[in-house]
Amino acid sequence: MIINLILDGRERTIEARCGLSAQNLLKQLGVNSVRNSDDGFGFAGSDTILLDGKIVGANLMIAAQLDGREVKTVNSLRKGRALSTVQEAMIEACCVQSGYNAPAAALMIHDLIERIDSPSRADVQDALSGLFNRATGYEQFFEAVRIAVAKKKNQAYSPAKTGSFGGTSRYVGKSYRKIDATKLVAGERAFVEDRVEEDACILKVLRSPHAHANIKSIDTSAAEALPGVVAVFTHKNVPHKPYGQAGQGFPEPSPYDRVLLDTKIRHHGDRVAAVLAEDEETAIRGCELIKVEYELLPVIMDWDDAKAEGAALVHDGPIIYVNGAPENLKELNREANPKETPVVYQFPIGGNPRKNISSYVEGGIGDVEKGFEEADVILDKTYQTTQIQCTPLELHTTYVKPEGDRLTIHASTQVPYHLRRIVAGQLGVSENKIRVIKERVGGGYGSKQDILLDELAAWAAHTSARPVFHQYTRREEFISSSTRKPMRVRVKLGATREGKFTAMQMDVESNQGAYGAHTLTVPMNGVSKSLPLFLCDNACFTVTSYYSNIPPTGAYQGYGAPKVNYALQVAVKELAEKLNIEHYEFVEKNRVRKGEVLEILRCLGEGREGKPESVDSCGLDEALARGSKLINWNKKEKSTHPDIKIGKGLCIIQQGSGLPGIDQANCTVKMLGDGSFVVQSGGADLGSGLDTVSAKMVAEVLKTDIDSVAVQSGDTDAAPFDTGAYASSGTYFSGGAARNAAQLLSRMILKEAAVILKTSPNKLQLEFPGKVVGEAGEVSYAQLAWQTQGGEGSGQLVATASFTTKKSSFPYGAHFAQVAVNTLTGRVRIQKYYALQDCGTPINPGYAKGQIYGGVLKSIGHAMYEELLLDEDGCCLNTDLRSYGVPMIGDVPDDFKAELVEVNDPYGPFGAKSIAEISVNGAAPTLANAIHDACGIWLRKWPFSPENVLRALGKI
Amino acid sequence: MYQKYNSPRVFFPRTISETLEMVERESNAVFWAGGTELSCRSMRKDLIDLPKTVISLCLVEELARASRSEYGLDIGAMMTFERLLRIGKSTLPTGLHETINSIGNLPLRNRATIGGHLALQTRIGDLHPLLELLDAKIEIRSPSRGGRKRSQIKKIPIMLLEEKNLLNSGELISKISIPTDNWDIAFHRRILPGNDENKVLIFTALASVEGGVLSECRMAFSDGCTGILRDREIEAHMTGQKLPLGYRELKILDEAIIELTAPWKTRSYDRKTSMACARDFLKRIEDNNINGMIL
C-alpha cells in the first residue's frame, strides 16, 4: 500500500506492507526516536507521536492509518540545532536521565502546554499518564512543565538552580546541564538499536515452555531448511564451556553454572535453541519449526521446595573448585551426573548444589547467645519479599559486528570490560579481539550488569561472519532477564528496658532461581548494608541461597539491601513498640554515628576476608533532624474520614561507595591542539550522569571551561579498564579516576608551562579559564598545546591515572513518609514522602536528586504492588508492564521531596559518596512503619496491596 | 522469506450506508474503530496480525457526532473518549466525565472510541456499569433491509458471560443514547486488589437526594470479566430511606451485597470491598462530600 503523509512538516510517500505498524513505518522513514519498548502494548509511551495534533501511540496503529495524516515526532520540536522551550525545560529540570523516553516526554509536555496555558499537577499527571519512566521518579517532570510554561510566557526566564554545594568550586556541587542531555532529548541516535545496519541478521531464541526439564531430542532440520535462515544453534554446535552471567570482576564470587545452550532446562523461558536469520519474521518462524521433546522434572519453586528431603536438584552436574576445594568434594561428586553442566566455583562460597544450596555464609561478632540472655525484651519475626523485575525501558539489546578477525559489540551494558572478558572466554579468543562499545543505556538498574545475550549473539556473529542484532522482547525481559531475588529474613533482636540493643541476629534465605548470579553477594550485601546501621556488640547472621526453577535472579539496584533492611527496620519498630519506646527515639539511641568502627564488617567481606571499617563521615544526624522537622514527626495527623487512618513512618538507610579493595577505575585525559580536552573514561554512564561528573571533575581540577571538556566513555578500545557501573561505584571510583588523571595532567601542564615561561613549576598555578599564571607571566592552554604538539614540541599532554582505595565511604539517609490507609478498601495513599540523603558532596545536585526520586519511586512500586507472578509450574503469568504493575506518574506521592545532606567525605573525590543505589533501600520499611502507625497492622510481606492490607486488618 | 501475514484489504467508507453495503459484500470483514483493542491483542514486534478484510470507520462522519435529542444525549460510536471529555462535564450525563477520565491514559483516550469500548468481546469496560445504571441504549445497524435496532446496555455482560456475540455478523454499533437524567451524584471506583486471581473491582453508583431522603439509588459491581452485578430489590428498598441510613438498613444492604456477590465466593477481598464501597458511597452522600474522597 502507498502511504502519503506529512512527517515533521515534509510530504513523504512510502510503500508499506499491510499490517506494518505505524512505529515501524516511521522507522523505515528514518525516525529512530519513536520506539517499541513494550511489545507494542502502547503502555510505556516510547512510541509517542502527534497525529493530527493529538498524542497517540504509534505501536497501536497500522501504517495505513497514517495515510493522509500529519505526523509529528520529536524532530518537529527542534529548529536547527536549537532545542525547543520544552526540551530546554526538561534539561533544566534534570529529568533527562537514561533518556530513552525523553523524546516521548517532550512531545507530551509540548502537547500539554499547547492545550492548557497553566496546567495543574493533575493536568501534568494526565498528560504524562502514558509515559513509563523507571529512572526519574517523575517528580522533576512537574518542574519541567513549570519551567516550560514560564519560558513560553517569557523566553528569558531562567529557573533557580538546584542548591549549591562544594564550597567555592566552580562546577562541583553546582547545577550544570548533563552533557548528553541535548542529544537524548532531541532523539538523536544514541542507543544500540540505532546502530543496526541494513545487512544485520536477527537472532531469536527458542525458549522453554517448562521450568525444569531435560531435552530428550531436538530436531532443527525444518528450521535449517527455511529460506532466509542463516544458522540454527543448539547445545550440539556451541561451546560447552561453563560461565557465569553475573558480570562481576574476576575471580567472580558467583559460580560458573551455565553454558550457551544446554541439554537441561532450568526455568520457564530458559534457552533451548537459537535461530539466526535474514529478518525477524524468519527467525521467529525458524524457532517455531524446531521440534523439541522434553523430559519433565519436578519444579522447585522456593527455599522450602529446595531443601525438602529428596528434592529434585536444579544443578546435578559435578562440582568443581578452581581454588580452595573442600575436603569432601569427592564425596559430593560421587552421585553427580557427569553429563550435566558442572558448577564451577572460583573459590569457596559455601555452596552445595547437592542440596540445592548455591552459597552459604555465616558470621558474627561478640557473644550473641549471651546478648539475648541479657535482653529484657526479645523480638523474633520473619519477613518476606517478592520477585521483582528491573524493567529497564530499553530492552536488553546487542549488536555484534565481525570486522576482520575482531568483533565489535555495541552493547547496552553496565560492564563493558567484564563483557569483553566473558565473550572472549566463550569464543576462545584473546580479549584484544573483542571491542565493546557501550552505547547510551536506556536503564539498567543492575539487570545490565548480567551478561544475558551478548555472548550468544557474539557466538552467532563469530561463526557466521555476519553482523547480528539481538534484542529481547518485553516478554523475554520478564521470563529470562535477571530479577530481584525473593528473600525470607528472620530477625531476632534483644534489647534492655532502657532501649539499648544487646543482641542482633539475622537469618537470610534467598531464592536464587535457576543460575547462580550474585548468589552470595546480594544477600550478604543485604546484611552488610543494614546490620551496621545499628550498634550492637553481639551480632550474627547466616545467609543461604537456594537454587530453584523460578526465572533467574541477579543484581538489582540496592543489591539485597532493600529487602534485608526492610526486615530489620520494621523489626526495630516492632521492638520499640514492645519496649514502649518511641520509634525515632529508639533509632537515635542505637544508630551508627561518625567515628564508630563497624566491627561486624569483619565477617561481611563478600567472598573475601572482611575487615572492620570506620565511619569517617555520616550525615544521619542532619538527615534525621531535618526529616523529622519536615514531616512534623511528633504531630499525630487527624483524618477527616473515620475509615481513613493516617500514620507516619521512618527508617534509616546506608549503602557503600564501590567495593574498596576490589574495584578499580582508570581514566585518560588528553589535551588537544587548541587546549581543550578529551576524557576517556572506562566508567559506564547508565543515564545517571557519570560522564557529566567526570567532565565536572576534570574542568574543576584543570580550571577550564567545562565546555572545553568532552567525555568519551565505555569504549574498551579507547578507554582504560574500569570494573563498571555497579555497587555504587560510578562517582566514587570512575569519578575518582577522572579527578586523579586531571590532577596528573595539571602537574604535566605546570611542568610544560614552566619550560615556556622559564620558571619553576612551583611558581606557577592553573587559573580559570584555562591558563597557567605566575610571576614570570602567563600561558594559555591553547598556547601550551601548540608548543607541546608542534613538530619540535615535547609531545601531546596525556595523563592516565587509576583510582583504587581500601577506604570505605558509606552514604547514609533517613526516609520519612505519611500515609492514609483506607480501612474499608485497604488502599494506601502516600501523602508525603521525604528522602534525605547524605551523598558527601553532591557533584551534580539536580541529577543527584533525580537519582533519589527515581530510586524511591522504584522501591515504592516494589513494596506496594510489583510482583512477578508464577503459576505452580513456574511459568510467569504477568509478562507485560501493565499486568506486572510498574509505578506511573499517578503513583507519585502527593508531596515528594528529595533533600541532599552535604557531608565532606575524606576519601571520595571532592568529598563525594555514592547517591543512586541507596535510594531504593528506604521505601518498604518506611511505608510498612507508616501503615502500622496509621492502623496498627504489621506488614511482614510484600506487596502492601489493598488485599494484603485488608487481610492484615482481619477483614477478610 | 517466510510470510506469516496475509495482506488485508482495507476499506474506508464515508457513510453508514456505504459501510453497511461494504459489509454485506464482505461478510468476513472486521470493523476498525480506534483499533486499540485489536492492536493490543495482536501486536507483535513490527506487524499487527490483521484480519483479511478491514473496514475502517475513521472517515464515517455520522458516527463521530454527538447531539441532543428528546431522549437525551446521542453519542456517535466513533466519538473518542478525549472528544467526549471535551464536551464538558456539565453537558455530559452524570458520572460520564469522571468514568472516562479514569480509563487508560491520554494517548489511549485519544484513539479509543465509545463504540469500540462497548463492542469489546473479551471484557467488561469501565463504562458498561455506568451506562447500564443510566439506562443507556445502543443503536445497532445491520445490512439486512437497512436494519436498525436498539439494545439495552445491560445485555452486553450477559452475552459476554454466555460467550454470545453482542453483534451478529455485519452489525455495527452506530450510537449510544443516554436519557436525560436528574441524578445528583455519581460515584466510580476502580480498585486493583493486587491479587493474582482478579485484577480489578469496579464499583459504580448513582443517587438522587431530596430533603435528606434518598429519592433514588443505583449500584453496580463488576470484576471486569464475569459480569455486572446489580440488585434492583435493594435499590428499591433504599429508595425513600431517610439519610443517614440506620443500622438495620445498612445491615440489609450488607446482606444484599453478600448475596449479590455470591458468584465471587472465592474472592473475599472483592466481596468485602464491595460492601465497603457501597457504605462509603452512602456516607459520602450523607456528608455531602462526594468529592472529598482522598482514596
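Scope of the values below: all heavy atoms of this structure, side chains included, with no hydrogens, waters or symmetry mates.
Other residues, nucleotides and ligands place no more than 12 heavy atoms under 6.0 Å from the CD atom of B:Glu259. Remark: A:Lys832 NZ is packed, more than 12 non-hydrogen atoms of other residues, nucleotides or ligands lying under 6.0 Å away. Around CD of A:Glu114, the count of heavy atoms belonging to other residues, nucleotides or ligands within 6.0 Å exceeds 12.
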message: Show, in sequence, the C-alpha distance, side-chain angles and deciding distance for A:Met108 and B:Asn105, and conclude whether the side-chain contact (heavy atoms from CB on, under 4.5 Å) test is met.
response: CA-CA 12 Å; A:Met108 289 173 178; B:Asn105 54 40; over 6 Å; no
task: Under the side-chain contact (heavy atoms from CB on, under 4.5 Å) rule, what do B:Arg111 and A:Gln65 come out as? Steps first, then yes or no, please.
output: CA-CA 12 Å; B:Arg111 292 198 47 230; A:Gln65 289 176 293; 3.8 Å; yes
- request: Check the pair B:Lys272, A:Arg951 against side-chain contact (heavy atoms from CB on, under 4.5 Å), reporting the backbone distance first and the verdict last.
  value: CA-CA 10 Å; B:Lys272 187 79 187 174; A:Arg951 186 167 289 124; over 6 Å; no
task: Please report the C-alpha distance between B:Asn110 and A:Leu51 in whole Å, then the side-chain angles of each, then the deciding distance to 0.1 Å, and finally whether the side-chain contact (heavy atoms from CB on, under 4.5 Å) criterion is met.
output: CA-CA 10 Å; B:Asn110 271 331; A:Leu51 181 67; over 6 Å; no
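In terms of heavy-atom proximity, B:Pro107 sits nearest to A:Gly57 at CB-N, 4.1 Å.
Proximity to chain A is limited to the side chain of B:Arg109, based on heavy atoms less than 4.5 angstrom apart. Only the side chain of A:Asp111 comes within contact range of chain B, with at least one heavy atom under 4.5 Å from a heavy atom of that chain.
In this structure, the separation between NZ on A:Lys955 and OG1 on B:Thr273 is 9.5 Å, given to the nearest 0.5 Å. Atom CD of residue B:Glu82 and atom CD1 of residue A:Ile55 lie 11.0 Å apart, to the nearest 0.5 angstrom. Note that the CD1 atom of A:Ile62 and the OG atom of B:Ser56 stand 7.5 Å from one another [nearest 0.5 Å]. Annotation: the span from A:Thr825 atom OG1 to B:Asp280 atom CG amounts to 8.0 Å, rounded to 0.5 Å.
The closest side-chain heavy-atom distance from B:Arg189 to A:Arg827 is below 4.5 Å. Annotation: side chain of A:Leu824 is not in contact with side chain of B:Lys283 (no heavy-atom distance under 4.5 Å). Counting heavy atoms from C-beta on, the side chains of B:Asn101 and A:Asp126 come closer than 4.5 Å. In this structure, A:Arg115 and B:Arg86 have side chains that are not in contact, with every pair of non-hydrogen atoms separated by 4.5 Å or more.
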